[in-house]
Amino acid sequence: MKRFLLLVSLALVLVPAAAQKKAKKYSHETVAIPQVERQVISIETQNTSLVLLVHPNGHLETVHYGGKLAQPQQFLQQSVNTEDYNGFRGATYPATGGRYINEPALHVKYADGSHNTELYYTGHQVTKRDGCTTTVIGLKDYVTALEVKLVYDAYAKEDVIVEHTEILNGGKQPVQLLNYASSSLYIDADEYLLTHFYGAWATDMQMESEVLGHDMKVIESRRGTQNTQGNNPSFLLSLDTKEFSETRGEVIAGALAWSGNFRLSFEKDDAHRLNILAGISPHASAYPLKAGATFVTPEMIYTFSADGAGGASRNLHRWARQYSVYGGGEVNPTLLNSWEGAYFTFTTETLLRMMDDAAGMGLEMFVLDDGWFGNNYPRNNDDAGLGDWEVNVSKLPEGIDYLAKHAHDKGLKFGIWIEPEMVNPRSDLAHAHPEWVVQSPGREIYQGRNQWVLDLSNPAVEDFVFGIFDRTMQLAPNIDYIKWDCNRVVQSFGSTYLGTEQDRFYVEYTQGLYNVMRRIREKYPKVIVQCCSSGGGRVDYGALRYCNEVWTSDNTDGLSRVFMQYATTMIYPACIMGSHVSTVPNHQTGNVTPLKFRFDIACAGRLGLELQPKYFSEQDRATVDRCIASYKQYRDLVFTGDLYRLASPFDGSYYGLMYVSPDKKRAVVYTYCIHFEPRTVGGKVFRLQGLDPGLNYKVVEQNVDRSCWWGNGQSFQGDFLMGGGFNPVLYGLYSSAVFVLEAE
Ligand code: DGJ
């Protein structure tokens, strides 16, 4: 023993001073975890509560999200032990570090290489403005100077809670954010049925449901652009059930307002609690946060309904029309778009004739799609011209001004297509600014649809893209509508501007896009903007903050649209849904459906036509004129009414939906047969919803001489129509019927 002590003291004498200091650093001295007052924070809307519990050790726990609790303070009476070996139970914003070992909302790597963050509660404030209460909760790591603010906007009437997070590096060294979710939500239920949306070009917004198991379910996009053409950053979660129901049960719906790479994860912990994380995808995006800088995450939108998926959708729709969609709730014009009718091949004459036809049919706008620009590299097909946004003088020698004037003289609005984020290698722009193209040094710059992506993480490119919009608006006085397209994803990502900070690329591309959109809206508040990305590649609440509508899909087949429109309106209001009647055989699927069926589908969104009207027969033209005129009578219901889905196309033979005016005095009902088995037809019962049970409604079928319902033209009480009395005979595949209901 004596010998051992001698060796130790000898060693201490021999160890240099610096190493002794180091030894001290690795002592077990720790910073004390601050103690705080135990309290409940209840974030409330008219019918819902999100309840958070602050524990004495500063841990913030989510204890309830669902129906409104009258006494949330009673959570103070429950046992205080929230800690277990796997981390703190129900952490409201879990960070990598300390006891937490599940998927984190926040993961920070500090300048010294360490990865631990343990957030404790520092305080909160509540402020109110019209219809919305904001709660800001402060959290701080108890060792470093990393701070987090959780910001919740609770919209009372709509039962929507919108959350975002602000992450402040209060230290003196930069840090890296490896995960930086907008929101984390712990839920406790016996079963979780997740409904989410996936797709591909011309197959946008497909819907599937699955019961969540114990592994982690991730819904992600790493596409850079066109982020919603695969998965959509949104979901419905039905609680305590394995079956999707339109009308029954508790449902949480969520949607992330972000047009860039995103990630939603659903992880069950060992107590079967589910944590939902939503935010920017951390893929290749370890975000560098300088000393003193704050990172603000995109918003995550939540709603809860005890009335099934339909209730959740209606909450989102009401909120979106009021607070989120640009120009939400306003009626957008019916239109004729030139794409499927003329593609790249047109002259001034072609377009003038189309405008004349559009005006004759009672449409309200003409939209000139792709093909109008490029001179050195004329845009005669998709392999040249993108980037060179001057009018093609051989196709349109009289200019855009001339076309717009013709439209306006005919009483039509005028719209035009641009794809400002892209460049064809065969263009003047690609030669003038090779450094603006998304690229990684020395690597192939892959083409998609013969084009490259411009690097919107570069402010010079932001200016250029803004300039394209700005100059297009100057091509004619009073351009009414811009269709903003974006036809490929990012590959071999990289920016000549970002140098060694390529980790910022994906985030700053999207922020650059929003900077441009913000400038556009400051200068052009009135222009209607359609957000298109090879169809539905940018259908998200981030883009919709600046855009009035989306191009739902490049697939215009009425049957395909049934499924896409059904799924789109699970999350997004019908007012955003550009929906066009095209020719048959359909250009994407080859399917042949009757003209009236195509109209009856398109009339459930913002109606447009996308075909060459001169080919209509006299009989078809009469149907067209009639359908357009009737749509204009009831379309305010599509734009502002409450949606009730009456039959799911996934259930087999029939699809049905209706929009009801907020005062319940008017409604429009759409019914379709999408699979016909003659022996089963004796009139399909659609139980209407959302009507006033005591009011009498006159029911009139639209656009037919002989109705398919025995009660057409008569009046019926709301409870009869909702109770099973409404049974139109949809006899035959693709038969369809639209009814307008007016209270007497
Ligand atoms: C893709 C869009 O989705 C179409 O509607 C059309 O605008 C083409 N691009 C034009 O190139």
Side-chain angles (χ1 to χ4, degrees), residues 158 313-314 316-337 358-359 361-367 407-408 410-415 478-484 521 524-532 539 541 543-552 561 565 568-569 572-581 599-610 624-644 657-670 690 702-703 738-742:
E158 296 77 16
S313 300
R314 283 187 292 280
L316 284 180
H317 297 169
R318 287 184 196 133
W319 171 81
R321 285 193 300 259
Q322 170 85 6
Y323 297 104
S324 185
V325 172
Y326 196 91
E330 283 165 24
V331 168
N332 292 326
T334 54
L335 60 88
L336 174 66
N337 175 297
M361 293 184 288
L363 293 171
E364 297 155 310
M365 180 155 69
F366 178 75
V367 178
H408 290 144
K410 290 265 159 191
L412 297 170
K413 293 181 187 300
F414 183 80
N478 304 324
I479 289 200
D480 302 284
Y481 176 103
I482 297 275
K483 175 174 175 180
W484 178 305
R521 280 319 186 179
Y524 299 106
K526 292 231 171 78
V527 67
I528 301 168
V529 178
Q530 182 187 70
C531 181
C532 169
V539 183
Y541 279 119
L544 284 168
R545 197 158 291 147
Y546 306 99
C547 301
N548 308 63
E549 62 169 38
V550 302
W551 180 222
T552 314
R561 280 291 180 130
Q565 296 185 183
T568 301
T569 55
Y572 303 98
C575 64
I576 68 147
M577 205 163 57
S579 200
H580 295 180
V581 173
F599 260 102
D600 288 350
I601 296 290
C603 284
R606 193 275 294 131
L607 172 68
L609 268 63
E610 190 163 327
V624 169
D625 292 2
R626 198 170 178 186
C627 290
I628 293 171
S630 103
Y631 173 78
K632 286 179 2 198
Q633 296 303 309
Y634 64 72
R635 65 169 157 190
D636 60 301
L637 298 166
V638 179
F639 282 85
T640 62
D642 281 327
L643 166 69
Y644 293 86
L657 71 151
M658 64 191 285
Y659 301 106
V660 183
S661 65
D663 65 4
K664 295 184 179 294
K665 294 208 167 123
R666 290 169 61 235
V668 54
V669 178
Y670 304 82
Q702 306 293 293
N703 309 319
V738 177
F739 299 85
V740 170
L741 279 61
E742 307 254 5

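Just so it is clear, the model here is predicted, and its values are computed rather than measured.
- Note that CG of Leu643 and OG1 of Thr569 are 5.0 Å apart. Values are rounded to the nearest 0.5 Å.
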Walk me through whether Lys410 and Phe366 qualify under side chain to side chain contact (heavy atoms under 4.5 Å, CB included). CA-CA 10 Å; Lys410 290 265 159 191; Phe366 178 75; over 6 Å; no

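- In terms of modelled atom types and a separation under 3.5 Å, the side chain of Thr552 and the main chain of Ser579 share no donor-acceptor contact.
- A donor-acceptor pair under 3.5 Å is absent between the side-chain atoms of Lys483 and the main chain of Trp551, judged by distance alone.
- Remark: the backbone N or O of Arg321 is not paired with any side-chain donor or acceptor of Arg318 at under 3.5 angstrom.
- Here CD of Glu549 is found 14.0 Å from OH of Tyr326. Values are rounded to the nearest 0.5 Å.
- Side-chain contact between Asp480 and Pro333 is absent, with no heavy atoms from C-beta onward closer than 4.5 Å.
- Nearest heavy-atom pair, Ala574 versus Ala604, reported as atom, atom and distance to 0.1 Å: CB-O, 4.0 Å.
- Between Glu364 and Arg635 a salt bridge is recorded (basic side-chain N to carboxylate O distance below 4.0 Å).
- For the pair Asn332 and Cys575, the tightest heavy-atom approach, listed with the atom from each and the gap, is ND2-O, 4.1 Å.
- Here the rule is side chain to side chain contact (heavy atoms under 4.5 Å, CB included) with Leu335, and of Gln530, Lys413, Arg606 only Arg606 fits it.
- The line from CG of Leu363 to CG of Leu609 is 5.5 Å long, rounded to the nearest 0.5 Å.
- Across every non-hydrogen atom of His580 and Arg561, the tightest pair is N-NH1, 4.5 Å.
- Taking both residues in full, the closest heavy atoms of Gly362 and Ile628 are given as O-CG2, 3.7 Å, listed atom of the first, atom of the second, then distance.
- Not one N or O on the side chain of Tyr634 forms a donor-acceptor pair closer than 3.5 Å with the backbone of Leu741.
- Heavy-atom neighbours of Lys665 NZ from other residues, nucleotides or ligands within 6.0 Å: at or below the threshold of 12.
- Annotation: side chain of Val367 is in contact with side chain of Tyr481 (closest heavy-atom distance under 4.5 Å).
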Walk me through it: do Asp642 and Tyr644 pass the test side chain to side chain contact (heavy atoms under 4.5 Å, CB included)? CA-CA 7 Å; Asp642 281 327; Tyr644 293 86; 3.8 Å; yes

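- Annotation: side chain of Asn478 is not in contact with side chain of Phe414 (no heavy-atom distance under 4.5 Å).
- Looking at Tyr670, its side chain does come within 3.5 Å of a backbone N or O of Cys603 through a donor-acceptor pair.
- Taking every heavy atom of both residues into account, Val325 and Cys547 meet most closely at CG1-O, 3.9 Å.
- Residues Phe599 and Arg626 form no side-chain contact, since every pair of their non-hydrogen atoms from C-beta on lies 4.5 Å or further apart.
- Taking the centre of each ring, Tyr572 and Tyr541 come in below the 6.0 Å mark.
- Nearest heavy-atom pair across Asp636 and Arg666 is OD2-NH1, 2.8 Å.
- Within the cation-pi definition used here (under 6.0 Å to the ring centroid, within 45° of the axis), Arg545 does not qualify as a partner of Trp319.
- Taking CD1 of Ile528 as the reference point, atom CE of Met365 lies at 5.0 Å (rounded to 0.5 Å).
- For the atom pair OG1 (Thr334) and CG (Leu607), the distance works out to 6.0 Å, reported to the nearest 0.5 Å.
- Residues Val740 and Gln633 fail the side-chain proximity criterion, which asks for heavy atoms closer than 4.5 Å.
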